[in-house]
Every structure is written in C-alpha cells, then in structure tokens.
Amino acid sequence: MKRLFLCLMITLFLLTACQAVDFDAPAPVYETGIDSNAWATIPAGPFFEGQFNHNASIDYNYDMMITLVTNAQYVDYLNAALADGSIKLVDEQIVGFYEGDPFNNGRHEEEVPAGDYIYIPVDNRAALRYQFDGKQFTVKDTWENHPMTFVSWFGAKAYCEYYDGRLPTEQEWEKAARGTDIRPYAWGYELARNNANFITSRDPFENMSTFGSRTTPVGFYNGKSYDGYQTLDSASPFGLYDTAGNVWEWTSNIYEQEHYRYMRGGSKDLYEANLRVWMRNNARPTYISPAIGFRCAR
Amino acid sequence: MQALVKRYKFLFTSTKGLVLMGIAFCALISAFFGLLSGPMADFGVKDVVVKLFNINLIEAEREGRLIILYHTIAMIVVAIETYIITDLVAMKENQRIAINGTITVGYLAVVFGGLPFAYWGHTWPLHGLYVAGLALIFFAGCYLAYALWPWRDEYKVTDKEYAHTRAGYSLERVAFFAMTMTTLASALFGAVPGSYYGNGFETFLAENVVRDPFKPALDLSIIGHLHIMLALIAIAATLIICRWMDFKGIWHKMAMPLMIIGSIVLAMGTWLVVPFETAAHFIIYGGSTLAMLGALFLVIFSWRKLIREGLARKGLKKGNFFQSVAALVSDPVKFGPTWQMVFMNFTVSGIGIFVAVKLDEIFRQWQFMDERLILTGHWHILATLTATIILFYYVDLAGIKGKARKWFGWGLIISSDLAFGAISVYEMKRLFVDEAVQQPVTNLLTVLGDVGLITVLVILAAVMVWRLIDLFKKKGRWAKEVDERLAHVPEVKS
C-alpha cells in the first residue's frame, strides 16, 4: 500500500511537470501612470563605471526613454514600417536590412554580413504578446503597457532609428541607470522584493508553480499600490524605470572580434545579483527571448 | 580537565579526529552560508539570517565574498586529504605531525580570518590572518612534497604486485608526489593574480568572463588555476581510494603511470592556457584522458574485487550476472566512491567534453546567461561529487556497520546522484526546452535537485550528530580512534 502511494505521488509529480505553460493565464491590468513616451536628459559629465567604480565620463548630453519600449509602441512601429515598406514579412519573420559588422576573424567570432535579419518572429507561438492578421499587428489584450519582448537586436535598433533615435551604448545605459554615485541599483544600495521584477519577487504577475515569472508593466515600480501590492519607487537618479529586472535591455556597442551584442539590467527570470547595474548579458544579434527588450537613446 | 585534554588530543592529533573536525567545519560552513542563497533566499531565510547575525552584504563585494567562501571550503578539503595522505603513505612520524599541525593551523586561520572578513566587514588583521593561513597551507604542502619524495630506498616496494620502477621505487608514491608538486605549482597560478586582484577588490568569477575575446594573462591564469585545482583535488581523492581499495596487480601497474603522466600533462596544459590558449586545450584533453583512464582502471579493479568479496561472503566462488551485480552493490559504502567516479563522467566530464566540442555550434548560439549556468553547475558538481567520495571513505573509517552503513551508503549515492543528475539536466535544459515554456521543467528539476541536496546534508548532519554525541561518552568510539592509524601501508617497508 505504501509503495502504491509512493508510486502514485511520483507519477502525479512527474505529470505536473509535463503540463504546458498557459500563456493565456489571466494577468491583472494596471495603469502605472508613467508616460512611456517620456524622455530624461542625462547631462554630460563624470560618473562611476562598473563594479569597481572606475572614473568615467560622457562629454555630451543625451536623452534616454524613461521606460522600456512597450508592446503597444512596437506594434505601432511595425504597422507604420510595414506600410512604408521598411520591413517585410519573410517566412514567419519580420525582417529588415542591416549594413553588416566589420569582421575581424576573432576566435569565436561569427560574420554578420550586410543583409536582411530577423526583427521579430510572426509564428504561432503562444508566448508572443502581439498578433498579426496578415495586414495589421495588434497587441494581445492586457499586454499593451508591458515591455516589448521577442525582439532581436536588429529589431530594437531599427525601432529606435525609425524614430530618429538609437540604442544606448553600454556606458550611456549605465550612467542613466546609476547616476553619478556608486549605487548598485538605480534606487540605492539594497534591493527589496517590491523594488523590481526578478525571479520569486512575488509580484502580481508571477506564479512560480505554473507559468513562472512574467513581465510587469513598464514603470510599475514607482511607489504606487496596485490592489494592495505596494511597490517602492525605484526610478534611477535621472528618472528611468525598470533598469533592474523585468527584461534585459539591448545596447548598441559592437566590439572588436565579437559578434555578440550586450544587454544590461537583468531580467524577471534571474536572481537579484544579476540585477546589479554593472551586470552584463550577451547574445547573437538575432537572438530573441521573452526576457529581452530595449529602450532608446537620442 | 583530563577529559578535555583527551578529546583535544583526539581532535587535533589523531588522523581520524582531524578528518572528523575538517568534515564538521565543512558541514557547518556549507549549512550556514547555504542559508544565504538558493531556495533559502527564496523562502526569505536569507533576510532573517542576515539580520540575526548582522551580516554585512555589500553588493559590489559579492564575487569577493564567494571567492573567499569557496577557498575556505577548498582549504579544509585539502587539509582532510592531506591528513589521510600523511597516514596512508609511509613517511616519518615527525614529518606527519609537522605537516598535519601546520595545515590545521593554516585552515583554522583561513576559516576564522577569511569568513569574518568577507561577511562581517573589512577588519584588515583578519584578512592578514586569512592570507597567513593560505601561506601556512602552502608551506605544509611543500613539506608534504618533501616527505613524499619517492626516491628513498626505505620507501621501495616490498610487494611486487604494486606498480614500481625497475629499481623498486613505488609508482603510487610517485603519483602522490606528482599530484602534490603540481598542486603547489598550480596554487601559485592562483596566488599571483589573486594578490593582484585582491588589492582593491577587483575580483571576478571566471564564468563571467568566458566570452571575452581578449582576456588578460592574469584572467587566464585564474581560469587555469580553478580548473587544475579542482582536477588535482579529484586526483588526490582517487589516489586515496586506490590505497583504500588496496589497488594492486596489473591494473595498478597500468594505472599509476597514467595517473602520474596525466597529472603532469593536465597541470602543464592549464598553465599553458596563459601563453597558448588554443594549444593548451588539446594538452588538457590529453592529460585528462590519461588521468581518467587511470581512474577507470581503478574502477575495474575495485568492482572485480567487490564482486569477488561479495560472492565469497555468500559462500560462492563464481556467480551469474545478477549475483555478481548484487555482490558489487552489497556494500554501498565501498561501492559508492568508484560509482561516483563513473557517475562523474555523465554529469561532469561528458558534459564538459560535449560543450567543448559543440561550443560554437550550440552553446554560443544561446544567450550568455544560459552558457554561464552550465559552467557554474559543472564545477559545483565536480567539487561536491569529490566531497561525497571522501565522505564515503570517512564513514568506512568511522566504522559504521550493519543497517546504518547501508542506509548511509545508499542514501548518499541516491540523493547525491538525484541532485547532480537533476542539476545536470537543469543546466542543459535549453537543449530541449525553450525559455518561454521552461517553468514546469524548471520546477521539477529544482525540486529534485533540492530534495537530493537536502537529503545529503541531512545524512551528513546525522553522521556529525552521531560523532558529537560520541564525544560526550567517556569510552566512546573516539577513545579508540585516538591512537588508531588509518590502514596498514602494505606496499612499503615500515
């Protein structure tokens, strides 16, 4: 009897592991009050760079979006760009032209020649937060103000450039997120669960026993309370939101002997140590993920 | 007072006492600092522990803290292996006492200097104590190398069943000596960049720089250092198991030269990572293949021996396949170490080779965070599997018999293999599951891994509690062990 019970428990346990993730599981809809079209100006001047606070300086003023690019914003871009022919649909992918990287024949370097590259997938995967009816892109209900994901570096770059902006460099991103002191997080020196969206942060969009950690609306951690879930105001000294957690952010740098593109900020799927302002991730520029998004600079 | 002196003598002078104390320190450190990460952090235990013990966790110093933490644990493991080696391999008594004494003071200085420095604010004298401890351990290693010098007539083999040179010098002793010498040289490969980066806390974890195309020489030195030190600790454990199993005969004669050449070539390969990174990899493959082949011969010998002994206990001279398998696994404590060596091939060596071969084709197509997961899992599993091998040996030394022996043996094999199997699949999960749909798989593997690891810790805690209770008994097991040596050293003259 005991053995039978044990076998049943193990079988049940294994079966629960085989269940599919429900991408249509309901998510709350919250208006954060943060304007995703707003920009912050980062003044020229010195700042501390990296984990060991090296002296660095950026000698020009620049603007950064205060939030990540949202699904709604990106879908607007897709519709406009599709209409004017600057992007096209090829084999269930939106693609666009890229002029190519200089190739230095580095040890693990892959060539990125001029050509068309994926911006976003347009297939039937349920994880996508947008849909395409053959003519028009729309955002799936409830995800309008969440960060755009499943977007490649090419897709992020193209969006920014379409609106006369660009992706920020790693240095620009770090200064905008950190300010001019040595804090490890945008808001200060310590991280609480309601500062940012990271793994097991227990935000209203997360359920670790089923679908796991999901994105939170851009600017969510602004000190507001959402149905009793009290967030802490986690803006950077220059007013940027979501620079820790939620989704990784593509940056613009192309380094010698590398084809990788770098990301900053950590994501909803990682522990807090990866949210520190100097932490980096990288991937091929065609890489797409539910945990990678971007914001623009200009 | 007399009672305290006797127990002090057991814990600080006898081999079994020293090993017990080392394991207890490892267990306590792992249990306490394990509360600051993984599931314990998820459950909020970390926050409570940090507040309760007034721990000072500065975010920028996380990497430095971790480096001191795992160096501390590694130093204790090195000390445990040294205690066993000084007892198993013939040497003068005064050498044994001096080596053991030095390394004990060394690791205690590392523990009581390094950990408070890392976790409770920077009190510089404690950092000095930590560095002094590391230096003492290095010095003990130098003395160990001197004591192990194989070309002394008094250490020639008397039983020709053991691998030896034409002149009769023990090749197993040469293997211990080669392992010690390469460990000392490899320690320097970490010490030099460690001193450089330690000055100003510009520390980094090797897995974080793996994709950097331009690595400075000192970065490469650290990467070489961490690989070779773990490999050499594993080789030392293998040589210890060779003694425990009384490894001899033709397999021994084939294995020992492989272990010697393997250790040297492997170490040289990791040192050559600094000037010739690409060529060094091929040398490392060559060295590790030789050392692993030596370990395979130990596995073949010991499994045949265990089958023979198991059948003999049942009054059989020969058995069919099933009887042989039953005989092989009849004593899980003796079967455990060599099984873990085999299991290591699936969870560490096999994965390592697969990743190296398919690096550009598969693993560099992933985001860096997914590749980093493999690297972190890889060395955690290698280190912990090696620790379980030493634990099996200790439990045999402690004389656990009967049902407790079976429960311990099978408990440790099943739970550690469950944990490391699950972690291996977890780290490779991107091969079969997309990021967007991974949660159920992740949940299952995490639970299996945690259950396995927690069970290992519970088993370890049970052994430690048992030995702690024993220490309070007037005529406990410790009273016998205080004067006991580990084993007869059969291959050399006494």
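The chains referred to below are lettered A, B, ... by the order of the sequence lines, with proteins before strands, and numbering in each begins at 1. Side-chain atoms are counted along with the backbone in the values below, which use heavy atoms only and exclude waters and symmetry mates.
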- Note on the structure: Applying a strict 4.5 Å limit to non-hydrogen atoms, the region of A:R193 in contact with chain B is side chain
- Any side-chain heavy-atom pair of B:F53 and B:F32 under 4.5 Å: yes
- Query: Any side-chain donor-acceptor pair under 3.5 Å between A:N105 and A:E109?
  - Reply: no
- Bottom line for A:Y260: the part with an atom under 4.5 Å from chain B's heavy atoms is side chain
- Task: Let me know if B:F204 has heavy atoms under 4.5 Å from chain A in its side chain, its backbone, both or neither.
- Result: neither
- Are any side-chain N or O atoms of A:N71 and backbone N or O atoms of A:W143, one a donor and one an acceptor, separated by less than 3.5 Å? yes
- Note on the structure: Okay, B:T278 and chain A: the region with an atom under 4.5 Å from a heavy atom over there is both
- Check ion pair A:R295-A:E249 (N to O, under 4.0 angstrom): yes
- Message: So that I can tick it off, tell me whether A:E110 and B:R364 are bridged by a salt bridge, with the cut-off set at under 4.0 angstrom between side-chain N and carboxylate O.
- Response: no
- Task: Measure A:M208 against the heavy atoms of chain B and call it side chain, backbone, both or neither at under 4.5 Å.
- Result: both
- Message: Tell me whether the rings of B:H127 and B:Y130 are parallel (<30°), tilted (30 to 60°) or perpendicular (>60°).
- Response: tilted
- Give, as side chain, backbone, both or neither, the part of B:I58 having an atom under 4.5 angstrom from any heavy atom of chain A. neither
- Going by an N to O cut-off under 4.0 Å, is there a salt bridge joining A:R264 and A:E170? yes
- Which bit of A:Y287 is near chain B, if near means a heavy-atom gap under 4.5 Å: side chain, backbone, both or neither? side chain
- Message: Quick check on B:Q365 against chain A: is it the side chain, the backbone, both or neither that has a heavy atom closer than 4.5 Å?
- Response: both
- With distance as the sole test, does B:R62 use its side chain to make a donor-acceptor pair with the main-chain N or O of B:L66 at under 3.5 Å? no
- Message: Quick check on the interface: out of A:T200, A:L270, A:I292, who has the most heavy-atom pairs with chain B under 4.5 Å?
- Response: A:T200
- Note on the structure: When the 4.5 angstrom heavy-atom criterion is applied to A:Y262 and chain B, the contacting part is side chain
- Item | When A:N53, A:I182, A:N281 are compared by non-hydrogen pairs under 4.5 Å with chain B, the top option | A:N281
- Highest number of heavy-atom pairs under 4.5 Å with chain B: which of A:P290, A:A283, A:A291? A:P290
